[in-house]
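The block underneath contains the structure these notes are about, expressed in structure tokens.
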Amino acid sequence: MAPEKPLAVTSLTLSHFRSHKIARIRVDERPVAIFGANGAGKTNILEALSMLSPGRGLRRASASDMARRPDPIGWQLTADVLSGGAAHEIRTWSENGAARQVRIDDKQASQVALGQIVRVLWLIPSMDRLWIEGAEGRRRFLDRAVLSFVPGHAQIVLDYEKAMRERNRLLKDMVRDPHWYMALERQMAEAGALIHRNRRDTLLKLDAAQQDGTTRFPAAALDLTQSEGSMPESVKDLAEAIAESRFRDMAAGRTLVGPHRTDLHAVYAEKGIEAKDCSTGEQKALLVSLILANGRALSRQIGAPPILLLDEIAAHLDADRRAALYDEICALGTQAWMTGTGAELFDELGSRAQHLHVSETTGVSLQDPA
Amino acid sequence: MSSTSDIDSLIELMARLPGLGPRSARRAVLHLIRKRGQLLTPLAGAMQQVADTARECLNCGNVGTSDICDICDSEKRATGELCIVEDVADLWAMERSQVFRGRYHVLGGTLSALDAVGPEELRIPRLLDRVETEGITEVILALNATVDGMTTAHYIADQLGERVRITSLAQGVPIGGELDYLDDGTISAAMRARKAL
């Protein structure tokens with residue numbers, strides 16, 4: 001069912017971005033299936049779309065790494081976006097490796113402002129190991145979900161991390177000025193408590209959306225855990241906990257208490273098996289389930305599901321689950337951008353999606369409707 | 001050859017100014033040369049004069065041409081209110097508004113462990129002295145709403161304790177601003193600071 005006020009990219013131009021010297025894509029609000037040989041630049045298109053939201057994109061690359069080789073003069077992305085019933089033009093670019101700039105509707109804007117317009121979630125192959133690798137990746141995955149509901153979450157996380165880096169420097173330099181610590185810890189506590197609350201609220205929304213939806217993907221029971229102890233909920237309690245940990249932190253040379261020590265714990269609800277112990281296919285299915293639940297919850301909140309970027313989505317999904325995923329994407333009304341090497345991987349979508357063939361010829365990428 | 005080199009040097013120096021790049025510096029220098037009598041010569045004289053006389057106020061850190069600036073020297077500004085700002089540009093901005101008639105204290109930056117700027121690098125010890133000796137009744141923290149600005153504000157407030165009334169500038173919807181364009185944090189701050197009409 002198409003949302004009343006869809007969120008969709010209707011045109012995207014990549015200039016000197018990764019493998020693309022110049023690539024222009026015009027699409028409508030339907031899902032987009034991108035296929036082509038390895039190295040054609042399919043994932044680069046998804047990365048370009050991910051740069052329409054705050055942060056470093058789905059590869060977490062630096063601005064200089066995104067420039068086309070061997071002429072790394074800089075890169076530029078321009079997109080027309082439908083959001084909240086209005087059309088916006090977004091332009092983001094980086095020159096000579098400098099920090100990327102953003103203009104929205106031809107006005108200078110912050111990256112955080114992008115989050116107000118484009119809500120985007122992604123699944124990429126490196127996330128297949130999300131449940132078995134370190135907590136940082138799971139926190140990032142969760143914060144991306146939070147960001148889709150609370151665009152201001154990005155700034156809160158930045159503020160928290162900035163205050164923590166300052167405090168960590170004091171710890172390393174063995175500074176003993178309690179007033180300086182208290183000033184930083186107060187800010188960490190204010191931001192940290194908000195981060196924790198936003199994460200908890202997001203888990204509740206995801207949980208509710210998983211219960212409500214009719215889906216062929218397994219539900220995940222989610223919880224937040226700390227690497228040690230429990231996370232203080234209030235600003236006052238968190239400030240006290242960080243202050244109490246000061247001497248221990250000085251020995252460690254870093255802050256040991258706070259939302260940066262939170263982990264996202266998941267259990268395959270029906271089987272009662274922890275996500276990290278599930279099969280590779282089940283782990284992928286749990287991730288897909290969460291992404292779809294996120295889409296349903298956000299659709300309920302703002303009237304439109306987020307844009308989904310699903311790189312090599314067919315990997316680890318059998319034909320039945322793949323067809324089920326396509327059905328759910330279409331039912332959700334999301335503009336999902338999916339990649340795969342072969343056109344046949346998207347046959348089940350038929351005319352419900354737009355099919356783009358990507359190839360690279362003498363540095364110029366061409367997109368032809370299949 | 002020598003004159004070209006002088007002009008190049010001037011362009012290079014101008015390009016180091018805030019807001020100017022090599023291209024705008026070239027345009028500015030060319031403009032100055034064309035307006036030698038009306039602009040270049042008086043500008044050079046004024047710059048030499050400022051270079052000879054400009055100094056920081058020993059009391060507050062403002063920039064002036066004497067050891068004690070006009071604001072610190074004026075008895076009319078001894079209202080008991082002391083406004084703390086990060087740098088002189090902030091002080092000038094406050095003065096332009098003509099809304100504050102007390103005195104200032106320019107910190108010269110904000111606390112930042114990462115940039116090796118501590119309380120001693122700022123004028124915080126001098127600030128504590130002033131509060132004791134100048135009969136200050138209210139300290140107004142007019143610092144930027146950044147992490148470093150807020151850290152500095154908390155630090156100063158903590159140092160001053162109960163000795164004096166401490167206030168900070170309100171945060172919220174700017175005059176002429178539209179809610180639709182504000183970020184969540186600003187709207188949230190504006191809601192918390194709402195007032196009766």
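Side chains are part of it too, since the values below use all heavy atoms of this structure and drop only hydrogens, waters and symmetry mates. Below, read A as the first sequence line, B as the second, and so on, with proteins coming before strands; counting in each chain starts at 1. The structure displayed is predicted, hence computed values, not measured ones.
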I need the single residue from Arg186(A), His179(A), Glu185(A) that forms a side-chain contact (heavy atoms from CB on, under 4.5 Å) with His154(B). Which is it? Arg186(A)
Quick one: which residues of residues 117-135 of chain B reach chain A at under 4.5 angstrom, heavy atoms only? Val117(B), Gly118(B), Pro119(B)
Any residues in residues 99-114 of chain B near chain A, with a heavy-atom distance under 4.5 Å, and which are they? Leu111(B), Ser112(B), Ala113(B), Leu114(B)
Residue from Lys162(A), Arg169(A), Arg167(A), Gln187(A) scoring the most non-hydrogen pairs under 4.5 Å with chain B is Gln187(A)
Around atom [atom1] of [X], are there more than 12 heavy atoms of other residues, nucleotides or ligands at under 6.0 Å?
X	atom1	result
Met182(A)	CE	no
Arg165(B)	CZ	no
Arg248(A)	CZ	yes
Asp173(A)	CG	yes
Glu138(B)	CD	yes
Arg163(B)	CZ	yes
Arg254(A)	CZ	no
Arg197(A)	CZ	no

In terms of heavy-atom proximity below 4.5 Å to chain B, should Glu166(A) be classed as side chain, backbone, both, or neither? both
Answer with side chain, backbone, both or neither: which region of Asn168(A) has an atom nearer than 4.5 Å to a non-hydrogen atom of chain B? neither
Distance, nearest 0.5 Å, that separates CD1 of Ile156(A) from OG of Ser188(B): 8.5 Å
dist Tyr181(A):OH -> Thr151(B):OG1 (nearest 0.5 Å) comes out at 13.5 Å
